[in-house]
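Presented below is the structure to which this report refers.
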Number of protein chains: 2
Amino acid sequence: MPPRKHIDRQRVLDVSIALADAHGFEAVTLAAVADQLGIRVPSLYNHISGLPGLRYEMAVWGVHRLGKTIRRAAVGKAGDNAILSVADAYRAFVHEHPGVYALTLRAPAPDQAELIAASQGVLDVVLAILEPYGLSQDAMLHVTRGLRSVIHGFVDLEIAGGFGLALDRDESYRHLIQIFIQGFHAWQRNDT
Amino acid sequence: MPPRKHIDRQRVLDVSIALADAHGFEAVTLAAVADQLGIRVPSLYNHISGLPGLRYEMAVWGVHRLGKTIRRAAVGKAGDNAILSVADAYRAFVHEHPGVYALTLRAPAPDQAELIAASQGVLDVVLAILEPYGLSQDAMLHVTRGLRSVIHGFVDLEIAGGFGLALDRDESYRHLIQIFIQGFHAWQRNDT
DNA sequence: GTATATAAACTAATTATGTTAGTTTGTCAA
DNA sequence: TTGACAAACTAACATAATTAGTTTATATAC
C-alpha cells in the first residue's frame, strides 16, 4: 500500500530549514515536516533521530554554512576591510536563515563532534582576520569575543524586531562596525 | 475537598521566574508551575491567561526590572562612567535572570501596552546617559542601537555558553565596553 | 448566626505533539 | 525468483495546553 516516496535525510533537512527560516524554529514540528513531505510522522524516524536529532542536524548545517560564508567573504581582504567584509557576510547569512541561526546559538556539548568542528571553523575565520594585527594571544581572544558579540548582538536584536524605529538599519550596522574597528585600534594603542 | 491554598498571580509569577532562571524558560510548563504550587494545572487558569499570558507577564516583569536596575546604576554617574556602570548592571541582571531575559527579547506587539512602556523605560535610560555627548538625533539613535547590541551580544553569547575558553569573561567584557567607548569617541570626532 | 455569591480549587475530556513498537510492502541484489 | 532490507505504515502511549463544567471554602450581606 505505501508507495515509495524518494525521501532521504537531506530532503527532510531542506524542508525543515525552509520551515524554520519562514516561520521560526518552533514551527519545525514533526507534524509540519511530515506534512510537507507527504508522509506520516513516524516515517520521519527512518531518516532522523527525533526532533532533537533534527535540530542538531539543522544546527550543524547552519554553523557549517555560516563558516563557509564568512570564509569566502574574507579571502582577498586584509585588515579592517576583512573585518567589514566578514561582518557584512555574517549579517547577510542571518537574514537569509534566521530560524536556523537561532538553533546554532547553544554551545556544543562535548559529544557533539560535528558541531564542535563546524564552530571551530567559524572561530578560525575570525582568528585569521585578526592575525595580522599582531596581538598577544589573550588580547586576540578578547577581541575575538568582542567582535562576535558586536555582530551577534546587532543581528540578534534585529531579527527579534528589537529596533522598532524607522531609522535605517544598514546604516546603524555600518556605524557600529566602524565604532568597533576604531575602538579596537585605540584600545590596541593604549592597552598593550 | 479542595482546601484553599493562598495562591495569587504574584506567587505564580514568582515560581515561574525561579523555574525559568534555574532551568531555562522552556522548563516553565504549566505542569511544572502547578506542581511547585501544589495545585492541579487547570487551577492556574484562575490566575493567568494560559502559557502565552504567563510568558507575557514574565517578560513585562523582566523588562521592568531591567529598566529599574540600569536606572539605579546610572544615577550620580556621568559620561563614560555612566556607560560603564549601566553596562555592568545590565550584565549582572542577565546573569541573575537568564531565563526571564530570554523571554524579554521579542519586540512588543502593538497591543502589548505594558511591555511597550517597560521597554521605553529601558531605552530612556540609554538615551539619558548618551544625552551629554551632544549628538545629533540620528547619531544618538545609531549609538543607542550600537550600545544595546554590544551589551546584549556579549551577555547572550555568554549565557548560551558560547565562550568555551578558560579566558576570564569579566575581563573580556571590560575590554569590549572600553573598545566601544573609545570607538564611539573616535567615531564622533570623525563622523560629525 | 445564617444565607448566599464569588473566587478558587477540582475532575473530565479534547487537541496537539513526540515517541516507540510492531507490521507491511516496495525494491534491489544474490 | 526469492529473500533481505529499507522505508513506509497503523496503533498505542506520554506529556502538554486548554476548555467545560462542577464543587467548595470563605467573605459579605442580612
Side-chain angles (χ1 to χ4, degrees), chain A residues 1-61 99-100 102-103 106 109 111-112 115, chain B residues 1-61 99-100 102-103 106 109 111-112 115:
Chain A
M1 275 268 183
R4 285 300 157 83
K5 327 275 162 85
H6 41 311
I7 292 169
D8 59 0
R9 193 184 130 284
Q10 190 57 50
R11 258 181 67 54
V12 176
L13 204 49
D14 290 346
V15 164
S16 303
I17 289 165
L19 269 172
D21 292 331
H23 304 107
F25 78 90
E26 329 80 25
V28 182
T29 64
L30 297 188
V33 173
D35 197 61
Q36 286 278 317
L37 292 167
I39 61 176
R40 299 307 185 107
V41 172
S43 306
L44 285 172
Y45 284 74
N46 289 312
H47 309 290
I48 55 163
S49 300
L51 188 59
L54 178 56
R55 285 179 170 173
Y56 176 70
E57 291 190 43
M58 293 171 78
V60 171
W61 181 91
V100 172
L103 284 171
R106 297 227 160 273
D111 62 324
Q112 300 180 321
L115 190 52
Chain B
M1 272 253 189
R4 286 300 156 83
K5 327 276 160 82
H6 40 311
I7 292 169
D8 59 1
R9 193 184 130 284
Q10 190 57 48
R11 259 180 68 55
V12 176
L13 205 48
D14 291 345
V15 164
S16 303
I17 289 165
L19 269 172
D21 292 331
H23 304 106
F25 79 89
E26 329 78 25
V28 183
T29 63
L30 296 188
V33 173
D35 196 62
Q36 285 280 317
L37 292 167
I39 61 177
R40 299 308 185 106
V41 172
S43 307
L44 285 172
Y45 284 75
N46 290 312
H47 308 290
I48 55 164
S49 300
L51 188 59
L54 178 57
R55 286 179 169 172
Y56 176 70
E57 292 190 42
M58 293 171 77
V60 172
W61 182 91
V100 172
L103 284 170
R106 296 225 163 275
D111 61 324
Q112 300 180 321
L115 190 52

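Within every chain, numbering begins at 1; the chains are lettered A, B, ... in the order of the sequence lines, protein sequences first and strands thereafter. The model shown is predicted, which means the values in this text are computed figures rather than measured ones. Note: hydrogens, waters and symmetry copies are ignored here, and every other heavy atom, side chains too, is used.
If you check residues 8-22 of chain B against DNA chain C, you find no residue with a heavy atom closer than 4.0 Å. Heavy-atom distances under 4.0 Å link DNA chain C to V41(A), P42(A), Y45(A), G50(A), L51(A), P52(A) of residues 32-58 of chain A, given in residue order.
In this structure, H6(A) places its NE2 atom 15 Å from C1' of dG26(C), rounding to the nearest Å. A straight line from CD of E26(B) to P of dA16(D) spans 13 Å, rounded to a whole angstrom.
Residues satisfying the side-chain hydrogen bond (donor to acceptor under 3.5 Å, both in side chains) test with Q10(B), not counting sequence neighbours, are D14(B). Partners of A109(B) by side chain to side chain contact (heavy atoms under 4.5 Å, CB included), not counting sequence neighbours, listed by chain and number: D111(B), Q112(B). For D8(B), there are no side-chain hydrogen bond (donor to acceptor under 3.5 Å, both in side chains) partners at least two apart in sequence or on another chain.
Interatomic distance, NE2 of H6(A) versus CZ of R11(A), reported as 6.5 Å (0.5 Å rounding). Separating the CH2 atom in W61(A) from the CG atom in L13(A) is a distance of 8.0 Å, to the nearest 0.5 Å.
Among pairs with a residue in residues 48-59 of chain B, those fulfilling side chain to side chain donor-acceptor pair (under 3.5 Å) read R9(B)-E57(B), at least two apart in sequence or across chains.
The two residues I7(A) and H47(A) make their nearest non-hydrogen contact at O-CE1, 3.1 Å.
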Can I get a per-line list of side-chain donor-acceptor pairs under 3.5 Å for residues 21-45 of chain A, giving both atom names and the distance, sequence neighbours left out?
residue: D21(A); atom: OD1; partner: G99(A); partner atom: N; Å: 3.0
residue: D21(A); atom: OD1; partner: V100(A); partner atom: N; Å: 3.1
residue: D21(A); atom: OD2; partner: H97(A); partner atom: ND1; Å: 2.5
residue: T29(A); atom: OG1; partner: A32(A); partner atom: N; Å: 3.0
residue: S43(A); atom: OG; partner: R40(A); partner atom: O; Å: 3.4

